[in-house]
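Since the structure comes first, as structure tokens, the remarks are kept for the end.
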Amino acid sequence: MTIRVIIVDDQAMVRAGFAALLAAQSDIDVVGEAPDGRSGVDVARSTHPDVVLMDVRMPEMDGLAAAREILHPPVGVVHVPKVLMLTTFDVDDYVYEALRAGASGFLLKDAPPADLIAAVRVVAAGEALLAPSVTRRLIAEFASQRQAPRKDPSLRLNGLTPRETEVLELIARGLSNQEIAAHLVLAEQTVKTHIGRVLSKLALRDRAQAVIFAYESGLVRPGAAGS
């Protein structure tokens with residue numbers, strides 16, 4: 001199945017470069033571009049992409065506001081694509097808020113071309129892009145700025161079994177399914193089952209929201225031992 005992608009970035013050369021790279025892949029089709037967040041929302045609504053590559057800082061409407069509009073559409077809008085945030089290394093709190101809003105992850109603009117292609121495929125498949133160590137560090141940094149865990153998330157943890165809580169903690173530390181399986185001495189399929197139950201019980205969209213939840217509930221503390 002072909003992955004439909006739109007690129008939202010205020011730099012024309014960035015859009016052109018990403019479009020050329022992605023369009024060269026047999027399983028990816030670039031169906032639209034936009035120079036700002038407001039136009040990005042409009043293009044997303046009209047082209048029905050599977051993945052939106054969204055720059056963080058743009059005129060008219062920034063990437064965070066645009067991601068919120070795309071991921072939480074008004075009544076009557078049925079299609080909701082995945083959103084992958086694009087940012088430079090001087091990332092700020094916008095990215096953390098984008099993940100909380102439902103974005104599936106973020107990618108540095110200077111990442112190797114192969115990483116961009118892989119990121120689109122990962123996000124389109126319904127997974128969160130949380131593997132790179134820089135992502136884990138940045139999420140931890142953002143979470144450390146919060147003064148205290150929210151009461152509601154910590155209470156919701158009570159609905160998890162001890163094993164499910166353990167799996168959630170390992171997700172938040174950035175471990176893959178395979179790594180979690182090895183750590184807990186479980187079959188990888190069993191880990192997938194546990195993750196599915198965690199997401200269902202906590203009403204979370206994907207692993208990105210699971211990481212945010214784990215930090216905000218106080219289950220994982222920034223700077224604690226782990227990845």
Side-chain angles (χ1 to χ4, degrees), residues 3-44 47 49-71 81-143 145 174 176 205-209 211-212 227:
I3 303 169
R4 296 169 58 83
V5 177
I6 68 170
I7 303 167
V8 185
D9 192 293
D10 61 336
Q11 297 181 32
M13 290 185 65
V14 171
R15 296 198 307 273
F18 284 177
L21 176 65
L22 295 173
Q25 309 307 308
S26 60
D27 60 337
I28 299 176
D29 187 12
V30 178
V31 297
E33 300 178 17
D36 59 70
R38 171 53 61 199
S39 299
V41 173
D42 294 338
V43 172
T47 61
D50 299 303
V51 178
V52 177
L53 293 180
M54 180 76 72
D55 189 20
V56 173
R57 299 188 182 106
M58 292 180 292
E60 298 297 328
M61 175 186 284
D62 64 39
L64 173 58
R68 282 177 174 156
E69 286 207 18
I70 289 173
L71 294 167
K82 305 293 184 181
V83 174
L84 177 61
M85 305 302 294
L86 297 168
T87 185
T88 52
F89 201 63
D90 58 336
V91 67
D92 56 24
D93 204 45
Y94 275 148
V95 174
Y96 180 88
E97 294 299 335
L99 291 174
R100 288 190 59 210
S104 294
F106 68 93
L107 187 71
L108 297 177
K109 284 187 177 181
D110 61 357
D115 286 2
L116 174 64
I117 296 167
V120 168
R121 290 171 177 156
V122 166
V123 170
E127 294 293 327
L129 191 71
L130 292 171
S133 59
V134 63
T135 306
R136 297 198 295 269
R137 290 199 305 271
L138 289 171
I139 290 177
E141 178 183 338
F142 299 146
Q145 297 171 9
S176 66
R205 184 195 303 260
D206 54 27
R207 295 171 82 104
Q209 290 195 335
V211 170
I212 298 300
S227 299

Handout entry: Residue pairs fulfilling salt bridge (Lys or Arg N to Asp or Glu O under 4.0 Å) with at least one residue in residues 16-26, sequence neighbours excluded
Key =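 Qualifying pairs: none.
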
Taking all non-hydrogen atoms of both residues into account, name the closest pair between [X] and [Y] and its distance.
| X | Y | answer |
| --- | --- | --- |
| Ala103 | Leu71 | N-CD1, 3.4 Å |
| Ala67 | Met54 | N-CE, 4.1 Å |
| Asp115 | Ala111 | CB-CB, 4.0 Å |

When rounded to the nearest 0.5 angstrom, what is the spacing between [atom1] in [X] and [atom2] in [Y]?
| X | Y | atom1 | atom2 | result |
| --- | --- | --- | --- | --- |
| Leu107 | Met85 | CG | CE | 11.5 Å |
| Glu69 | Leu64 | CD | CG | 11.0 Å |
| Ser39 | Met61 | OG | CE | 9.5 Å |

Practice task
With Pro81 as reference, evaluate Asp50, Ile70, Val51 under the side chain to side chain contact (heavy atoms under 4.5 Å, CB included) test and give the passing residue.
Solution key: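 With Pro81 as partner, side chain to side chain contact (heavy atoms under 4.5 Å, CB included) holds for just one option, Ile70.
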
Would you indicate whether the side-chain heavy atoms of [Y] and [X] approach each other to under 4.5 Å?
| X | Y | answer |
| --- | --- | --- |
| Arg38 | Met58 | no |
| Thr87 | Leu108 | yes |
| Val120 | Gln25 | no |

Practice task
Using salt bridge (Lys or Arg N to Asp or Glu O under 4.0 Å) as the criterion, list what pairs up with Asp27, not counting sequence neighbours.
Solution key: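 By the salt bridge (Lys or Arg N to Asp or Glu O under 4.0 Å) rule, Asp27 matches Arg121.
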
Problem - Listed partners of Thr47 passing side chain to side chain contact (heavy atoms under 4.5 Å, CB included), at least two apart - result: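 Scan of Thr47 (side chain to side chain contact (heavy atoms under 4.5 Å, CB included), adjacent residues dropped) gives Arg4, Ile6, Val31, Val43, Pro49.
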
Ignoring hydrogens and angles, write down the donor-acceptor pairs under 3.5 Å from the side chains of residues 7-23, residues two or more places apart or on other chains.
from  : atom 1 : to     : atom 2 : distance (Å)
Asp9  : OD1    : Gln11  : N      : 2.8
Asp9  : OD2    : Lys109 : NZ     : 2.8
Arg15 : NE     : Glu33  : OE1    : 3.4
Arg15 : NH1    : Asp9   : O      : 2.7

